[in-house]
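To keep things clear, I will list the structure first and then write my remarks on it.
In this text the structure is predicted, and so the values were computed from the model without any measurement.
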Amino acid sequence: MLEIEGLSAHYGPVRALSEVNLKVEEGSITAILGANGAGKTTLLRVISGLVRASGGRVTAFGEDITAMPTDRIARSGVAHVPEGGGVIPELTVEENLRLGALWRPDRADRARALDEVLELFPPLAPRRSKAAGTLSGGERQMLAIGRGLMGRPRMLLLDEPSLGLAPLVAAKIMAVLRDLRADTGLTVLLVEQNARSALSISDYGFVLGLGEVVASDDAATLLADDQLRHAYLGF
Amino acid sequence: MLNKLPPVVVHLLAALGCLVLLVLLTFAADPFTNLRIATVGYYLIAVAGLALLTGFNGQVSLGHGAFMFIGAYTVALLVKRVPAFPIWADLLLATVAGGVAGLLAGAAAARLRGPYLAGATLALAVGLPAVTQRFPELLAGSNGLSFTVNSQPAGLVGTIPSTQWQAWIVWLAVLLALVVLANLARGKLGRTLRAVRDDEVAASLAGVHVGRTKILAFLVSSACGGLAGGLQAFLLGTAAPGSFTVALSLSLLAALVLGGLGSLWGALWGAIALVYFQVWTDDIAEVLSLRSDISDNLPLALYGVVLIVVVLAFPAGIQGGLRKLWVRVRRPVPSQRGEAS
Amino acid sequence: MSITSHEKLLHVGGVTVRFGGLVALSEVSLTIRPRTVVGVIGPNGAGKTTLFNVVCGFIRPETGDLSWKGRPLRKHRPDQLAGLGIARTLQGLGLFGGLTVLENVMTGAGRLARTGSLASLLGTGKSARDERELRDRSMAVLTELDVAHVAQLHPGALPYGVRKRVALARALVSEPELLLLDEPASGLSTGEMDELADRIRALTEKTAVVLVEHHMDLVMRVCDEVVVLDFGEVIASGSPDEVRVDPAVADAYLGTAPEELPSA
Amino acid sequence: MTTFFNLTLAGLSSGAVFAALGLSLVIIYRATRVVNFAQPALALISSYVAYSVTKGTGSYWLGFAAAIVVGTVLGIAVERLLVRPLRNAPELSPIIATMGLLLVLQAVAGMIWSNEPHAFSYAFDFRGRFSAADLFAVLAVLVTATGVLLLFKFTSLGLRMRAAAFNPEVARLLGVRVGVMLTLGWGLAAAVGSLAGLLAVPPFISPTVLDEVFVFALTAAVLGGLDNPLGTIVGGLALGIGLSYVAGLLGPELVPLAALAILVSVLAVRPAGLFGRATARRV
Amino acid sequence: ACGGAGETPANNGGAKSGEPAPGVTDTEVVIGSHHPLTGPAAPGYSKISVGARAVYDYINDGGGVNGRKITYKVEDDGYNPTKTVEVVKKLVLEDKVFAIVGGLGTPTHSKVLDYLTTEGVPDVLVSSGALMWNAPEKHPNTFGYQLDYTREGKIQGKFIKEKLAGKKVGLLVQNDDIGTDTQKGLDQFIKDQIVERKTYDPANTDVTPQISALQAAGAEVVVCECIPAFTALTILTSLKIGYKPQLMVSSIGADPATLTGLVEQFAKQGGTQVSGGALLTGIMGTRYLPSVRGASDPWTEFFKGIHDKYIPQEPFTDTMVYGMVQAYTFSQALKAAGKDLTRQKLLDAMSSGELKGPGLTPFAYSKDDHAGYTGALVFQIAADGSVNTLEEAMTTDTESGEVKAVDDKRPTPQEVKLVG
Ligand SMILES: Nc1ncnc2c1ncn2[C@@H]1O[C@H](COP(=O)(O)OP(=O)(O)OP(=O)(O)O)[C@@H](O)[C@H]1O
Ligand SMILES: Nc1ncnc2c1ncn2[C@@H]1O[C@H](COP(=O)(O)OP(=O)(O)OP(=O)(O)O)[C@@H](O)[C@H]1O
Ligand SMILES: [Mg+2]
Ligand SMILES: [Mg+2]
């Protein structure tokens with residue numbers, strides 16, 4: 001499904017990822033964990049082509065996407081909800097959502113997806129025609145995730161989705177992810193600070209430290225590994 | 001050791017050093033080169049003022065020529081109507097007049113952003129020189145005013161060419177103004193200006209009065225524009241609307257970007273580029289001796305090409321390029337300043 | 001002039017804010033006493049940030065009034081708050097990207113500077129001394145928050161957690177009497193959150209804190225009092241323990257799924 | 001009374017021209033967040049092409065078509081060769097680069113067609129207070145503006161173009177071909193700009209003929225709100241009529257000052273133009 | 001260290017006889033000028049120096065004047081006074097020109113007047129009709145060239161008063177000294193006939209409001225003191241609003257060849273099916289130089305010959321002839337100044353009163369008069385594009401002096417031959 005081999009990435013002289021190897025099974029939820037600055041965001045950005053790898057290979061759906069342009073990766077069914085959401089404040093809520101599915105030809109299904117997302121996040125519905133810039137922090141995060149779901153992706157990359165969300169909503173999102181995986185076989189790559197809640201719905205987890213994979217295992221095993229938790233996950 | 005002195009002393013010493021160098025340079029140069037040295041001087045202060053407004057404070061002005069217009073007419077009117085005033089007083093008043101105009105413009109512009117500010121300042125550059133048409137008796141309409149400033153002390157007349165004397169006066173005024181700008185850029189105010197540029201909300205929460213800061217930036221910057229215009233009038237003996245076109249305002253901005261935003265050094269490179277690019281392109285066109293339609297237009301084309309090439313090749317301007325070079329040279333010795341303070 | 005003489009540091013009385021048809025705050029009242037930590041929680045869009053905006057003067061309420069140390073605050077502007085002794089962090093980061101970390105913090109200390117703009121223009125010795133003092137004080141705060149090593153860097157490339165601390169340092173350097181924190185823990189790791197909790201508690205020696213946060217364990221740990229907003233209305237208030245068991249709060253905000261309930 | 005009526009009609013037709021060129025600025029601004037200072041030069045070159053083609057073939061409409069095609073191609077070329085390499089540069093760089101291009105193209109026009117003016121015909125009979133040519137200008141502008149408005153507001157292509165402009169990175173993440181969108185935006189804008197040129201140039205063409213129109217077009221665009229095609233049309237027509245009154249009743253030398261006064265007083269009340277709205281909340 | 005400093009003494013050093021004059025060698029004399037070659041003011045003016053250069057090339061090919069070839073340096077000032085000062089100082093200080101010849105424009109050239117006076121540089125044949133060039137006391141080195149606007153106004157005023165008696169007159173003038181100086185002349189004759197005065201701004205090409213006002217005032221004659229583009233705009237705008245006044249155009253904007261180029265395309269849309277300058281038919285104007293459209297004139301033939309040889313690709317217009325006459329006149333003065341060339345000798349030759357040449361009227365030049373051409377004839381454009389003379393050349397002064405017929409005889413090209 002998604003295979004990463006020997007991946008490195010640099011920001012100028014700063015090395016953000018070095019020789020990362022990682023494998024994600026189709027239809028699984030995989031957590032990417034690690035302290036601040038460990039390289040989690042960079043990993044997702046390399047996968048979706050926003051940052052060019054300085055070495056290594058990314059393969060998704062059996063295709064080498066290391067050098068593929070970002071928009072093509074997106075159109076092949078990889079949705080990336082970036083850190084901080086990345087809603088476009090000048091556009092309305094509905095326009096933001098519609099953007100998420102525009103590349104899909106099925107017009108009727110796009111409309112259906114819109115209804116589903118608005119149902120999933122009730123606060124968005126009454127604000128459909130308002131500029132996204134007027135939303136509260138949490139509402140924007142909902143909008144970003146909703147937009148990611150609009151495209152009915154095969155793989156969803158979520159960068160700290162619970163940032164700024166009320167506990168109830170955060171929990172609901174975790175539940176939705178679980179359901180989607182079960183219903184549609186969605187593959188999820190989940191970057192979270194809150195390792196506990198991330199691992200609680202994940203099948204597998206990778207722990208990054210200073211740009212390298214320092215541990216990887218079944219989610220349950222990672223949760224139970226006290227030493228690892230103290231060293232890298234801080235709880 | 002130098003660090004212990006108040007900034008004003010450091011900057012004054014630096015300015016004094018520059019002035020001495022310049023005076024020496026003017027002796028080495030022929031009269032016409034001295035005129036160009038003086039020209040670089042007044043463009044420098046105009047561009048430096050713009051650097052403060054646009055580079056430090058993030059307010060893009062496409063109309064800075066309007067403040068030069070005000071400065072030039074102030075000097076022109078004073079020379080013609082109040083000949084008793086010494087030239088330094090005229091220049092001071094030109095600076096003040098530019099500043100007052102900037103205060104008004106800044107107050108009107110404080111709420112405008114990005115292209116809206118750009119559009120409004122462009123309209124200022126187009127609109128303001130039109131006042132000369134409204135008051136033809138005072139401002140002499142589209143012909144403008146011409147006059148001669150006799151500032152050279154009697155003892156020096158005949159010993160040094162007048163352009164050399166003028167270059168001294170211009171650079172003395174420019175360096176004094178630069179000292180003020182350097183104090184400002186290095187100190188609290190410079191920091192505040194940049195903070196407002198980066199994030200107005202955060203700046204206001206840090207206790208910065210955003211509107212007032214933006215107006216202040218406009219004021220200082222247009223005072224520099226007024227001084228530059230005054231110096232131009234002093235140097236060339238003219239003040240006419242045809243000199244203060246949109247093209248002037250735009251070339252000031254071009255000089256700023258070419259030199260490099262966000263540093264007063266950039267203004268120097270920009271001013272030199274502004275003066276000498278045109279000289280070079282004119283010379284090249286002259287050497288080639290082509291059909292008149294082509295040779296007439298060639299300098300303009302070359303100048304445009306230079307603008308494009310420099311922007312593409314040095315996105316951070318000349319100063320940015322130099323700094324990169326400097327860092328490469330200095331790489332082996334890590335900077336210690338962080339720990340020292 | 002000791003702060004304890006004022007029973008009420010900040011008082012918000014019956015504030016209502018509307019955006020078009022949407023009621024963002026309705027008749028909200030709130031009192032902050034010196035050296036206490038008050039948590040403001042509620043679902044997304046409940047009006048928490050809006051409440052801060054009203055206090056800071058970014059939004060003028062339709063009705064209601066505000067007072068600071070017993071004196072009414074009317075038509076105040078955001079930049080006057082720093083002078084009064086109120087500091088705020090933003091829900092985003094709000095750092096100045098073009099300034100170094102040290103300069104960022106120095107900007108926050110503006111109210112402590114004694115020399116005016118003119119002195120700065122002239123670059124007098126006094127203004128230079130002032131600058132040195134500011135610099136020292138800012139460095140001290142950065143050191144206290146363990147981020148002194150990045151003082152000369154620009155915030156853009158720093159890890160998120162570090163940037164959060166810089167933002168906090170900028171708010172603290174002016175030694176405020178009231179600190180408004182808007183989701184200070186978002187994006188922090190669990191370890192960093194613990195550290196933050198300790199730091200907030202330590203602040204209460206001098207400073208009162210209003211804390212908007214979605215991490216319940218943090219709120220429950222540091223707050224003396226918690227106010228719950230929902231659809232712009234105060235639906236509950238009291239000690240953390242009282243609020244936690246309030247069924248209305250559980251319904252609107254905390255949820256009841258046991259696995260997601262924070263363990264204090 | 002008739003004076004007033006006449007001035008209004010005169011203002012309407014010059015306002016239509018401001019609006020058209022303003023519209024092309026708005027399209028580019030929407031598409032790339034760049035204020036394109038080379039826009040008058042692109043329109044100039046395509047108008048000169050129209051001049052030559054019309055002169056060669058004797059057909060106004062062949063020249064018209066050639067101008068639109070050449071303008072579009074030029075716009076695309078400028079985006080590809082000049083603006084795209086600057087996408088990560090500081091915000092002022094594209095302004096300076098397009099200014100440089102303005103100088104180059106004006107000079108090139110002078111080299112090819114000389115700096116002396118040539119006659120340039122109207123599309124239709126220009127005789128009459130509100131002539132067929134005036135009517136054509138106003139209608140062409142209204143139709144184009146409506147088209148552009150519909151495109152941006154109601155089509156997914158328009159939505160994609162706007163997203164690409166506001167935040168290219170996020171747009172890419174959502175599968176938008178940002179490069180194509182930007183190129184399309186410039187091509188479309190240059191086509192509209194060429195139309196504006198063809199309307200603005202008559203009766204005489206010379207390398208600097210569009211300079212003044214450009215300043216007023218930018219004023220109109222800012223007046224209406226740079227993000228809003230409708231606003232630009234209203235802004236352009238209002239400016240045209242306002243300036244016509246000033247020129248007729250107070251004196252032509254006051255026109256630039258009046259433009260400044262109008263702009264400042266509108267922006268004082270509405271800093272984002274008549275129809276612009278401050279979308280993003282600031283805190 | 002370049003020892004140039006001593007070479008520019010503060011006072012009229014260059015004019016002292018005896019020393020070798022700057023810019024002059026045995027085989028060359030360098031002269032300079034400033035013109036708007038680019039920018040908004042270039043249309044209409046950029047071809048003047050082209051014509052002048054052709055004449056200098058012709059003279060140089062014939063061996064030059066007194067054995068010296070003329071090197072003609074034209075700097076582009078874009079009609080920007082600041083640039084004018086810079087380029088003129090460059091010409092004087094760096095290129096060391098012998099004289100400035102035909103510097104163009106009132107707002108521009110007025111800014112270097114004092115400078116050229118102080119430096120003692122001859123400043124001859126200024127291309128502008130302003131009155132200020134004629135101030136021998138203050139500016140002993142400066143000589144005008146063009147017929148000034150006041151004299152021209154007087155000649156037009158007198159003609160209208162006599163030949164178009166009783167008609168209501170409207171005025172459209174450029175909003176600078178062209179307008180005010182012209183009015184001074186017109187008002188001496190037809191003050192009571194004038195029913196409306198309007199100005200235009202060269203930066204604003206929409207003259208509909210002005211023309212409408214003239215129409216509303218019922219003006220039957222419109223005196224248009226406009227540069228060529230605005231004469232053409234006036235014609236087209238009148239056509240647009242259905243207004244048919246008798247136009248009287250001043251020499252600066254009455255070049256029929258240029259006007260034809262500008263308006264002929266609109267003749268078809270104007271409803272007249274006649275070809276060529278149908279729209280120009282009947283327009284009256286004043287001129288003081290031979291016209292390319294006039295009845296055969298030996299000077300026109302002569303200049304046409306130079307044109308065809310040196311610049312055949314350029315259109316042959318009155319504007320070009322303007323530059324050619326200027327260059328020829330300067331060459332005549334240069335010749336008169338003699339082999340032993342100094343600046344003072346050139347000035348003496350200028351003020352000798354002997355200079356006679358291509359122009360239709362005499363120059364005013366004398367020791368205490370530095371004005372240029374002193375009069376003009378009135379012509380009318382015929383349907384076939386040619387021009388007919390309505391009134392032979394008249395001459396007058398800038399004050400209230402009489403307007404009288406020219407009695408001088410014009411020399412032919414053969415009589416003042418410089419080459420061969
Ligand atoms: N644009 C950038 N320029 C330079 N360095 C960067 C940039 N973005 C990230 N870095 C550096 O790369 C490293 C990895 O950053 P990354 O954002 O991937 O970490 P992260 O694990 O997502 O952290 P966080 O939990 O704070 O989001 C960090 O050291 C960071 O400072
Ligand atoms: N400028 C504005 N224009 C229109 N609506 C606004 C504006 N500011 C806020 N709102 C609305 O007011 C409501 C309250 O917003 P606020 O930011 O106060 O919420 P919050 O409680 O801070 O939420 P969060 O926890 O998600 O940050 C939201 O529904 C938001 O959409
Ligand atoms: Mg991250
Ligand atoms: Mg909030």
Under 4.5 Å from a heavy atom of chain E, the part of [X] involved:
{"X": "B:Leu35", "answer": "side chain"}
{"X": "B:Leu145", "answer": "backbone"}
{"X": "B:Leu248", "answer": "neither"}
{"X": "B:Asp282", "answer": "side chain"}
{"X": "B:Thr39", "answer": "side chain"}

Which atoms of E:Gln174 approach chain B - backbone, side chain, both or neither, heavy atom under 4.5 Å
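Interface part for E:Gln174: neither.
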
Has the side chain of B:Ser243 got a donor or acceptor atom that lies under 3.5 Å from a matching backbone atom of E:Thr82?
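Answer holds: yes.
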
From [atom1] ([X]) to [atom2] ([Y]), nearest 0.5 Å:
{"X": "E:Tyr115", "Y": "B:Ser146", "atom1": "OH", "atom2": "OG", "value": "15.0 Å"}
{"X": "E:Asp176", "Y": "B:Thr132", "atom1": "CG", "atom2": "OG1", "value": "11.0 Å"}
{"X": "E:Asp177", "Y": "B:Asn143", "atom1": "CG", "atom2": "CG", "value": "4.5 Å"}
{"X": "B:Leu300", "Y": "E:Thr38", "atom1": "CG", "atom2": "OG1", "value": "5.5 Å"}
{"X": "E:Leu37", "Y": "B:Ser292", "atom1": "CG", "atom2": "OG", "value": "8.5 Å"}

Compare every heavy atom of B:Leu235 with every heavy atom of E:Lys89, then report the nearest pair and how far apart it is.
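Looks like NZ-O, 3.7 Å.
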
So which heavy atom on E:Lys111 is nearest to which on B:Ala240, and how close?
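So the two residues come closest at CE-CB, 4.0 Å.
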
So do E:Lys47 and B:Asp293 actually touch side chain to side chain, heavy atoms under 4.5 Å?
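B:Asp293 vs E:Lys47: side chains touch.
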
Going by heavy atoms in the side chains, are B:Arg36 and E:Lys90 under 4.5 Å from each other?
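B:Arg36 reaches E:Lys90 side chain to side chain.
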
Contact leader toward chain E among B:Ala140, B:Ser142, B:Gly141, B:Ala72, where contacts are heavy-atom pairs under 4.5 Å:
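Greatest number of close heavy-atom pairs with chain E: B:Ser142.
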
Contact leader toward chain E among B:Gln232, B:Gln278, B:Arg291, where contacts are heavy-atom pairs under 4.5 Å:
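Maximum pair count with chain E is reached by B:Gln232.
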
Among E:Asn175, E:Asp76, E:Leu113, E:Val50, single out the residue with the greatest number of heavy-atom pairs under 4.5 Å to chain B.
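Looking at each of E:Asn175, E:Asp76, E:Leu113, E:Val50 in turn, E:Asn175 comes out on top.
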
Heavy atoms only, distances under 4.5 angstrom: which of E:Glu86, E:Gln313, E:Lys83 has the most pairs with chain B? Name it, please.
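The residue among E:Glu86, E:Gln313, E:Lys83 with the greatest pair count is E:Glu86.
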
Other residues, nucleotides, ligands: >12 heavy atoms within 6.0 Å of B:Phe85 CZ
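It does not: B:Phe85 CZ has 12 such atoms or fewer within range.
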
So which of E:Val92, E:Leu93, E:Leu91 actually passes side-chain contact (heavy atoms from CB on, under 4.5 Å) with B:Phe32?
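Checked E:Val92, E:Leu93, E:Leu91 against B:Phe32; only one passes side-chain contact (heavy atoms from CB on, under 4.5 Å): E:Leu93.
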
